[in-house]
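Scroll down for the structure; my scribbles are underneath it.
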Number of protein chains: 2
Amino acid sequence: MVRSDARENRSRILAAARQAFAEDDDTSMNRIAQLAGVGAGTLYRNYPSREALILDIYQDEVGRLVATVAELLTAFAPREALRRWTVALVDAMRKKHALGAALSPDAHKSMAERSYGPVIAAIAELLEAGKRDGSIRADAEPVDFLQLTGALWRAAPDRSEPMLALILDGLRVQTENSPLPVD
Amino acid sequence: MVRSDARENRSRILAAARQAFAEDDDTSMNRIAQLAGVGAGTLYRNYPSREALILDIYQDEVGRLVATVAELLTAFAPREALRRWTVALVDAMRKKHALGAALSPDAHKSMAERSYGPVIAAIAELLEAGKRDGSIRADAEPVDFLQLTGALWRAAPDRSEPMLALILDGLRVQTENSPLPVD
DNA sequence: CTAGCTTGTGGAGACCTCTCCACAACAATA
DNA sequence: TATTGTTGTGGAGAGGTCTCCACAAGCTAG
């Protein structure tokens with residue numbers, strides 16, 4: 001049985017966090033707890049890590065992004081849809097720095113977090129479309145792609161576009177010209 | 001005029017740090033200061049950031065890695081040389097976790113640090129060789145490549161190889177089949 | 001209404017990175 | 001050797017993430 005004040009607290013935390021992050025993308029966990037009028041312990045019981053909180057806050061932001069996939073896929077060829085979507089994603093990560101950090105963690109903890117899943121699903125859908133029409137290699141992995149996306153986010157803004165181009169080229173179905181010498 | 005005790009301290013710090021990191025790759029700066037018998041202030045005056053210290057510690061490790069480039073380039077075709085070298089680099093980053101973190105920082109601060117430069121130079125050399133023999137696109141950028149390498153390091157170990165393959169494919173000189181629709 | 005049990009709480013505290021500055025140690029000069 | 005810059009020092013402290021647990025609140029059942 002979930003205690004009533006507990007639910008109250010959780011939503012106060014989320015509200016406080018949302019506002020705090022809107023003003024300053026680097027707000028500390030302590031500050032959020034303070035703004036929400038709860039102790040650090042309560043904050044961390046609700047959100048076991050900074051990452052988890054951020055992913056929850058930006059859930060709708062991410063949702064909006066994910067929702068554009070279908071549209072992009074009707075308007076553009078899969079590769080171009082993927083390109084555009086990724087540009088938008090990296091852009092969002094850059095604007096909400098915290099989101100970038102949460103989506104490209106050092107380890108792979110965020111797996112299965114409420115926001116991480118949908119992002120992977122969106123990428124999977126875009127890749128699938130490309131595989132179907134033969135413009136993307138069959139062994140492309142959504143998780144790998146997101147990881148690579150993290151590199152774009154970390155890179156200097158003006159390198160983002162050429163790096164993405166490189167990745168997209170790597171995603172092409174490979175012909176076996178210029179074969180790799182095995183040794 | 002550099003004071004004599006200062007030089008003394010600096011080398012004590014380096015020695016302590018070297019040993020500490022050998023035992024525990026996550027040793028804290030405080031602990032290193034303590035082991036070296038200096039205050040935190042002194043540590044930070046010598047090494048303005050964690051990153052800087054780590055890069056100095058692993059300078060020879062990096063040096064060794066960099067030195068293998070020439071050898072690889074005589075034994076293998078450029079692309080294969082690049083592949084092997086990168087595998088070794090990522091491997092080293094994984095073994096010395098701290099080195100990985102120092103070489104793939106969130107921001108791009110490490111630029112021009114004593115170890116960062118040589119790594120970039122090594123990559124540049126490998127890429128150059130590939131450009132010369134036409135197996136690597138002319139616009140490939142060493143810094144971009146290192147950034148991407150950071151993604152390999154952060155990824156699950158078993159994804160490292162396929163991701164690298166993808167990057168290497170992206171580095172190929174691109175023929176203009178499967179053209180990208182511009183919109 | 002109260003007793004008891006379960007669930008949730010706050011904030012002290014461990015440990016982190018990095019800054020700041022009154023003071024100490026050296027070097028140069030008289 | 002004494003004096004006087006200069007250069008370097010240590011550790012307190014600001015502010016961070018996250019853990020732990022004695023205690024408080026909410027919820028049944030009698």
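Labels below follow one simple rule: chain letters A, B, ... track the order of the sequence lines, proteins then strands, and each chain is numbered from 1. Just so it is clear, the model here is predicted, and its values are computed rather than measured.
What separates CG of B:Leu53 from P of C:dC18 is a distance of 11 Å, to the nearest Å. Protein atom CG of B:Asp26 is 14 Å distant from nucleotide atom C1' of C:dT17, rounded to whole Å. The CD atom of B:Glu8 sits 11 Å away from the P atom of C:dC26 (whole-angstrom rounding). In this structure, the CZ atom of B:Arg7 is 15 Å from the P atom of D:dT7, given to the nearest Å. Rounded to a whole Å, the CG atom of B:Asn30 is 14 Å from the P atom of D:dG10. Separating the CE atom of B:Met29 from the P atom of D:dG10 is a distance of 15 Å, rounded to the nearest angstrom. Between B:Asn9 atom CG and D:dG11 atom C1' the separation is 14 Å, expressed in whole Å. With rounding to whole Å, B:Ile54 atom CD1 is found 14 Å from C:dC16 atom P.
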Evaluate side-chain hydrogen bond (donor to acceptor under 3.5 Å, both in side chains) for A:Asn30 paired with A:Ser28, printing each intermediate quantity in order. CA-CA 5 Å; A:Asn30 276 347; A:Ser28 78; 5.3 Å; no
Reading nucleotides 23-30 of chain D from 5' to 3' and marking B where a protein heavy atom lies under 4.0 Å of the base, S where only the sugar-phosphate is that close, and - otherwise, the string is -BBSS---
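Sparse packing is recorded around CZ of A:Arg31, with 12 or fewer heavy atoms of other residues, nucleotides or ligands lying under 6.0 Å away. Within a 6.0 Å radius of CD in B:Gln19, no more than 12 heavy atoms belonging to other residues, nucleotides or ligands are found. The environment of CD in B:Glu71 is sparse: at most 12 heavy-atom neighbours from other residues, nucleotides or ligands sit within 6.0 Å.
A pairwise comparison of heavy atoms in B:Ser104 and B:Trp153 identifies OG-CE3, 3.6 Å as the closest pair. In terms of heavy-atom proximity, B:Phe21 sits nearest to B:Ala98 at CE2-CB, 3.9 Å.
If you run side-chain contact (heavy atoms from CB on, under 4.5 Å) between A:Phe145 and each of A:Val143, A:Thr149, A:Leu148, only A:Thr149 comes through.
The CD atom of A:Gln59 lies 9.0 Å from the CG atom of A:Leu14; values are rounded to the nearest 0.5 Å. Remark: A:Arg137 CZ to A:Arg172 CZ distance equals 12.0 Å, nearest 0.5 Å.
When only modelled atom types and interatomic distance are considered, A:Arg10 and A:Tyr47 share a side-chain donor-acceptor pair under 3.5 Å.
At the phosphate of D:dG16, OP1 or OP2 sits under 4.0 Å from a side-chain N or O atom of A:Ser28.
In this structure, the side chains of A:Leu126 and A:Val69 come closer than 4.5 Å at one or more pairs of heavy atoms.
DNA chain C lies under 4.0 Å from no heavy atom of any residue of residues 17-24 of chain B. Residues from residues 31-43 of chain B with heavy atoms under 4.0 angstrom of DNA chain D, sorted by number: B:Gly37, B:Val38, B:Gly39, B:Ala40, B:Gly41, B:Thr42.
When heavy atoms are screened at a 4.0 angstrom cut-off, B:Arg45 is found touching base atoms of the nucleic acid.
In this structure, the nucleotide among C:dT19, D:dT17, C:dC16 sitting nearest to the side chain of A:Tyr44 is D:dT17.
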